[in-house]
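When a ligand or atom number is given, it counts from 1 through the structure's own listing order. Along the sequence shown, residues are numbered consecutively beginning with 1.
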Amino acid sequence: MLRDIDLQSIQEVRDYLEQAKEAQKILGKMTQSEIDKIVENMSNAGREAAEKLAVMAVEETRFGNVPDKVTKNLFAANDVYNSIKDIKTVGIINRDEENRVWEVAQPVGIVAGIVPSTNPTSTAIFKSLIAVKARNAIIFSPHPSAAKATVEAAKIMQEAAERAGAPKGLISCIMQPTLAATNELMKHKLTDVILATGGPGMVKAAYSSGKPAYGVGPGNVPVYIHESADVAKAIELIIESKTFDYGTICASEQALLVDESIKEKVVAELKQQGAYFLNEDEKRKVESVIMVNGSLNAKIVGKAPQVIGEMAGIEVPADAKLLVAEETRVGKEYPFSIEKLSPTLAFYTVKDLEEASALAQELLVFGGLGHTVGIHAQDEKVIEAYTIDKPAGRIIVNAGTTFGAIGATVNVMPSLTLGCGAIGNNITSDNVTVKHLFNIKRVAFGVREMPKKDENAQKQPALTK
Ligand SMILES: CC(=O)SCCNC(=O)CCNC(=O)[C@H](O)C(C)(C)COP(=O)(O)OP(=O)(O)OC[C@H]1O[C@@H](n2cnc3c(N)ncnc32)[C@H](O)[C@@H]1OP(=O)(O)O
């Protein structure tokens with residue numbers, strides 16, 4: 001039985017879709033330089049609004065912190081923009097004269113953008129840029145707990161696009177996010193593709209909608225510290241990455257797998273750089289707040305370690321950046337082994353590369369198939385042996401996994417939607433970007449004749465009895 005609010009929100013979606021259809025028709029006829037000007041203006045506006053949107057997102061969701069949310073918004077407005085600005089998305093984008101094939105860009109049309117509560121405004125900036133660069137309209141479905149901030153980010157993107165010549169109604173965002181409205185958006189005949197970033201329930205709903213969908217899987221990122229690593233540097237990178245926005249990025253480190261031979265050094269370095277090691281009693285108390293009803297407790301997501309400590313009834317020093325607990329097992333009964341989206345980290349001790357490899361595999365199968373793994377090591381043979389068979393779309397070497405996986409500190413495509421491949425139930429293991437939002441038509445010239453029947457016959461292998 002639909003409530004009044006459901007009916008209103010469904011109507012809101014239908015109105016946006018009609019506007020988006022008209023807007024996309026106009027955008028679809030624009031030249032490359034017109035499109036590029038619009039996208040550049042959007043990027044500038046995202047940069048200017050980075051601070052304001054960060055404040056709004058933190059106030060509304062209570063996830064993360066303002067300085068890091070500013071960085072995340074700037075990453076979307078700058079790094080994502082720089083990575084796509086020179087990509088051709090209009091007309092013939094490639095002429096392969098040797099093989100006589102031309103490639104022609106074809107926008108997908110209307111994109112439904114599902115936005116998570118953990119990275120709301122940065123995701124809205126990022127998705128707006130890649131959608132419009134590919135000459136699409138986009139309609140956002142915000143997470144209910146981040147709706148105001150997401151609506152504002154979408155509005156800023158639309159206004160900036162319009163100032164540079166884009167039509168009205170190109171970018172919009174549902175103001176009353178109900179499940180009914182989100183379902184309407186995902187299933188409506190005018191929607192062409194879904195870009196779903198969020199919790200598993202929402203991603204599954206996107207896949208079940210009958211529309212093509214780019215989704216993401218959950219992460220549960222294991223990071224191996226091999227004995228050949230530069231330990232001080234590795235810990236510096238890990239702490240910077242794991243504590244960023246209080247751990248809300250799904251590619252952040254969840255478990256350290258440390259060689260026995262360097263355990264003492266790693267523990268000392270972690271403590272020296274701001275990690276607080278929990279004793280057995282404190283660990284049990286923190287475990288009791290990590291999970292509720294068998295899944296991650298949203299109340300600890302993106303919170304400072306001191307706040308998590310208070311919830312658990314333990315005292316955490318004011319200068320602690322991270323809570324670390326020693327763990328030996330993997331599974332729902334061991335909360336430190338799950339994806340925690342907070343500054344909490346499991347610490348496993350391993351004998352060697354082989355044991356680290358098996359444990360990383362177990363953690364990925366348990367909760368992060370296809371997502372991300374990390375390794376800190378100087379020995380390239382070890383890096384090769386460790387990484388080659390890992391079921392992860394991104395294998396980040398000697399860098400924090402948060403910044404590595406999103407393409408801020410390593411050379412993978414800058415993105416806030418990280419595909420997990422078939423093994424993670426996704427269509428792609430790529431970092432989703434502009435190329436996923438246009439199709440390519442191929443104009444192919446005849447260059448050779450079909451072999452004649454008797455030539456074919458000569459090519460058949462002789463039958464042997
Ligand atoms: C690169 C990156 O980092 S991408 C990051 C993407 N990853 C994530 O967001 C992590 C996965 N997310 C989660 O696990 C959760 O969203 C948490 C823990 C962060 C927050 O959890 P909560 O807010 O308590 O719950 P949840 O996100 O499931 O949603 C709450 C409700 O909003 C609904 N909802 C979520 N998105 C939408 C939407 N777009 N429209 C309408 N309703 C929505 C859910 O269906 C759910 O409804 P229900 O309570 O009736 O079941």
Closest protein heavy atom (residue, atom, distance) for [atom]:
{"atom": "atom 10 (C) of ligand 1", "answer": "L341 CD1, 3.7 Å"}
{"atom": "atom 7 (N) of ligand 1", "answer": "G198 O, 3.9 Å"}
{"atom": "atom 37 (C) of ligand 1", "answer": "M202 CE, 3.3 Å"}
{"atom": "atom 41 (C) of ligand 1", "answer": "T182 OG1, 3.1 Å"}
{"atom": "atom 25 (O) of ligand 1", "answer": "H143 NE2, 4.2 Å"}
{"atom": "atom 12 (N) of ligand 1", "answer": "G199 CA, 3.7 Å"}
{"atom": "atom 22 (P) of ligand 1", "answer": "A298 CB, 4.1 Å"}

Between [atom1] on residue [X] and [atom2] on residue [Y], distance to nearest 0.5 Å:
{"X": "T401", "Y": "K242", "atom1": "OG1", "atom2": "NZ", "value": "8.0 Å"}
{"X": "I383", "Y": "I395", "atom1": "CD1", "atom2": "CD1", "value": "11.5 Å"}
{"X": "I125", "Y": "S43", "atom1": "CD1", "atom2": "OG", "value": "9.0 Å"}
{"X": "M157", "Y": "K127", "atom1": "CE", "atom2": "NZ", "value": "14.5 Å"}
{"X": "R329", "Y": "L359", "atom1": "CZ", "atom2": "CG", "value": "13.0 Å"}

Selection from V432, L179, T118 by shortest heavy-atom distance to atom 9 (O) of ligand 1: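 That would be T118.
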Give the minimum heavy-atom separation between [X] and [Y], together with the two atoms involved.
{"X": "F438", "Y": "A105", "answer": "CD1-CB, 3.9 Å"}
{"X": "P142", "Y": "A146", "answer": "CB-O, 4.5 Å"}
{"X": "F366", "Y": "N220", "answer": "CD2-ND2, 3.9 Å"}

Mark whether [atom] lies under 4.0 angstrom from at least one protein heavy atom.
{"atom": "atom 39 (N) of ligand 1", "result": "yes"}
{"atom": "atom 31 (C) of ligand 1", "result": "no"}
{"atom": "atom 28 (O) of ligand 1", "result": "no"}
{"atom": "atom 2 (C) of ligand 1", "result": "yes"}
{"atom": "atom 50 (O) of ligand 1", "result": "no"}
{"atom": "atom 5 (C) of ligand 1", "result": "yes"}
{"atom": "atom 15 (C) of ligand 1", "result": "no"}
{"atom": "atom 47 (O) of ligand 1", "result": "no"}

Purely on distance, is any nitrogen or oxygen of [X] under 3.5 Å from one on ligand 1?
{"X": "S145", "result": "no"}
{"X": "P142", "result": "yes"}
{"X": "S141", "result": "yes"}
{"X": "P200", "result": "no"}
{"X": "N119", "result": "yes"}

Parallel, tilted or perpendicular: ring planes of Y224 versus Y386, cut at 30 and 60 degrees: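 Rings of Y224 and Y386: tilted, 30 to 60°.
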Have [X] and [Y] got a donor and an acceptor in their side chains that come within less than 3.5 Å?
{"X": "T417", "Y": "T197", "value": "yes"}
{"X": "T248", "Y": "K72", "value": "yes"}
{"X": "S357", "Y": "K390", "value": "yes"}

Part of L416 within contact of ligand 1 (heavy atoms, under 4.0 Å):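 Only the backbone of L416 comes within reach of ligand 1.
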Q306 vs E310, side chain to side chain donor-acceptor pair (under 3.5 Å): CA-CA, chis, key distance, verdict: CA-CA 6 Å; Q306 292 72 16; E310 207 177 309; over 6 Å; no
Sub-4.0 Å atoms of ligand 1 with respect to non-hydrogen atoms of T178: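 Those qualifying, in numeric order: 41 (C).
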Proximal atoms of ligand 1 relative to I249 (non-hydrogen, under 4.0 Å):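 Within the 4.0 Å cut-off of I249, ligand 1 contributes 3 (O).
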Any donor-acceptor pair under 3.5 Å from N136 side chain to A131 backbone: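 Confirmed, N136 side chain pairs with A131 backbone.
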Heavy-atom gap P144 to ligand 1 smaller than 4.0 Å: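 For ligand 1, residue contact (heavy atoms, under 4.0 Å) with P144 is present.
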contact_flag V216 ligand 1 heavy-atom lt 4.0 Å: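 It does not; every heavy atom stays at 4.0 Å or beyond.
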Ring centers of F403, F75 separated by less than 6.0 Å: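 Centroid distance F403-F75: not below 6.0 Å, so no.
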